[in-house]
Participant: 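Have a look at the structure that comes next, please.
Worth knowing before you read on, the calculation uses all heavy atoms, side chains too, and leaves out hydrogens, waters and symmetry mates. Just so we're clear, the structure is a prediction, and the values are computed from it rather than from any experiment.
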Amino acid sequence: MKNAVFALFLFLYIFIICGNFFASLLIITDRQLHTPMYFFLAKFAFMEIALTSIVIPKFLSIILFQQNTISFAVCYSQSFFYFLLGTTDFILLSVMSYDRYVAICHPLYYVAIMTWRTCIHLVIGCWFGGLLNVTLPTILKSQLPFCGPNKINHFFCDSVALIKLSWADTRLIQLIDFFLFSLVILGSLIVVIFTYTCILLTILRIPSVSGRQKAFSTCASHFTIMLIAYVSSILVYVTPTQGNSLELNKGMSVLTCFLTPVLNPFIMTLRNKQVKDALYELIKKRATRKGDNVQN
């Protein structure tokens, strides 16, 4: 049973790495995909690889080798980078929704608004916002006393599970966590809801049926990933009773650590017609080169 579970999660991890890496590589190498939308998609895929690489390798070692110990420093480093990437992801999702809003609702101004300089600044802003959000809580948690139980009821060093182990009064830290997570998750969600409401109203006014279908296809892909990410994170981190049910926490964390990264290459990129065309051209070129080499 242990080997079967290990094999399943190892397969998912390899699939996440290969799928997201290939999607990023396709975007980087194909000139037709050098647009702001795919620029953000490539960054999102990179962060999915980094996020899973922080959690899954240690999780796999626990399953296979029963190495269920982790040092204090490594545990807090894992927690810090996990939440840094997670909060940066949510800010990036709001940026991606804004990009689609400008492209669909204000197409004539799109090139002027979404310049490469603006895109780079937005990505830097996402990282800066994530860093601001997680630095203070991480410092406060590192000062907590841990004199009793040292068994984390989770498959990684999650914030809620760590706080539960402390003997100190953690109500202030939980309040800070709740406020900052709410600020990022709900704040970015408000941006997403507003932009996609405007997008939907604009799409409904498009006279061409094919035009509406094309716009709906692109937006539906983005919205599916966003729905999974927001629902799972809100249930865990933006509820007043956060920490009361660690089993719910672990279940929802599986969605963010495994399900979303697995679906990302398909939903965010390979379901897009431009990406499929680029993939077809890449396969065609490789087949042509292989045929020429065989003839020579």
Side-chain angles (χ1 to χ4, degrees), residues 47 50-52 54-55 58-59 62 68-94 125-193 226-260:
M47 285 197 286
L51 187 68
T52 54
I54 289 169
V55 174
K58 178 61 179 177
F59 178 57
I62 291 172
N68 54 355
T69 58
I70 188 169
S71 69
F72 184 86
V74 173
C75 183
Y76 270 92
S77 297
Q78 185 189 62
S79 180
F80 174 79
F81 286 109
Y82 175 83
F83 287 104
L84 170 62
L85 288 164
T87 52
T88 303
D89 255 354
F90 280 109
I91 301 172
L92 181 61
L93 285 174
S94 64
C126 291
W127 282 102
F128 186 69
L131 190 62
L132 285 178
N133 189 264
V134 301
T135 301
L136 176 61
T138 303
I139 293 174
L140 292 176
K141 291 167 197 170
S142 66
Q143 305 303 315
L144 290 173
F146 296 93
C147 309
N150 60 359
K151 186 176 181 180
I152 301 172
N153 186 15
H154 216 292
F155 61 87
F156 75 100
C157 293
D158 181 68
S159 173
V160 177
L162 282 174
I163 290 175
K164 295 281 282 185
L165 293 180
S166 177
W167 284 71
D169 185 356
T170 60
R171 284 177 295 181
L172 177 60
I173 296 179
Q174 289 187 46
L175 184 62
I176 293 172
D177 259 356
F178 173 72
F179 173 75
L180 292 176
F181 282 131
S182 299
L183 183 65
V184 169
I185 297 175
L186 297 183
S188 61
L189 180 60
I190 290 171
V191 174
V192 170
I193 291 174
M226 291 179 184
L227 183 64
I228 296 171
Y230 279 109
V231 168
S232 59
S233 296
I234 287 172
L235 287 174
V236 175
Y237 300 112
V238 191
T239 57
T241 57
Q242 67 158 304
N244 287 347
S245 177
L246 287 176
E247 297 305 319
L248 172 64
N249 188 312
K250 287 189 286 186
M252 292 297 101
S253 295
V254 169
L255 293 180
T256 56
C257 291
F258 291 97
L259 182 59
T260 307

Participant: Taking S71 for its side chain and V74 for its backbone only, find out whether a donor-acceptor pair lies under 3.5 Å.
Facilitator: yes
Participant: I need the F72 CZ to C157 SG distance, nearest 0.5 Å.
Facilitator: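 That separation rounds to 10.0 Å.
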Participant: Strictly by salt bridge (charged side-chain N to carboxylate O under 4.0 Å, His left out), give each pair with a member in residues 181-193 just once, sequence neighbours left out.
Facilitator: none
Participant: Kindly write out the residues that satisfy side chain to side chain donor-acceptor pair (under 3.5 Å) with K58, not counting sequence neighbours, or none if the list is empty.
Facilitator: none
Participant: Holding to side chain to side chain donor-acceptor pair (under 3.5 Å), I want the full list of residues that pass it with T138, two or more places apart in sequence or in another chain.
Facilitator: none
Participant: Can you check ring-ring contact (aromatic ring centres under 6.0 Å, His included) on Y76 and F80, steps first, answer last?
Facilitator: CA-CA 6 Å; Y76 270 92; F80 174 79; over 10 Å; no
Participant: Keeping the roles fixed (side chain from S79, backbone from D158), state whether a donor-acceptor pair exists under 3.5 Å.
Facilitator: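 No.
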Participant: Where do Q78 and I70 come nearest, in terms of heavy atoms and distance?
Facilitator: OE1-CD1, 4.5 Å
Participant: Could you check if a side-chain atom of I163 sits within less than 4.5 angstrom of a side-chain atom of D177, using non-hydrogen atoms only?
Facilitator: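 I163 reaches D177 side chain to side chain.
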Participant: For residues 84-93, tabulate all N or O donor-acceptor pairs below 3.5 Å that involve a side-chain atom, not counting sequence neighbours.
Facilitator:
{"unit_1": "T87", "atom_1": "OG1", "unit_2": "F83", "atom_2": "O", "d": "2.8"}
{"unit_1": "T87", "atom_1": "OG1", "unit_2": "L84", "atom_2": "O", "d": "3.1"}
{"unit_1": "T88", "atom_1": "OG1", "unit_2": "L84", "atom_2": "O", "d": "2.6"}

Participant: Testing the 3.5 Å rule here: is there a donor-acceptor pair between the side chains of S188 and Y230?
Facilitator: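 On atom types as modelled, these side chains qualify, holding a pair under 3.5 Å.
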Participant: Residues two or more places apart in sequence or in another chain: which of them pass side chain to side chain contact (heavy atoms under 4.5 Å, CB included) with F128?
Facilitator: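 Result, side chain to side chain contact (heavy atoms under 4.5 Å, CB included) vs F128: L132.
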Participant: My understanding is that only residues two or more places apart in sequence, or in another chain, count here; which of them pass side chain to side chain donor-acceptor pair (under 3.5 Å) with T52?
Facilitator: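 Side chain to side chain donor-acceptor pair (under 3.5 Å) list for T52, sorted by chain: empty.
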Participant: Using every non-hydrogen atom in the two residues, find where C75 and I152 come nearest and quote the distance to one decimal.
Facilitator: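 Here C75 and I152 meet closest at SG-CD1, 3.8 Å.
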Participant: Could you give the distance from OH (Y82) to OG (S159), rounded to the nearest 0.5 Å?
Facilitator: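 Going from the OH atom of Y82 to the OG atom of S159 covers 11.0 Å.
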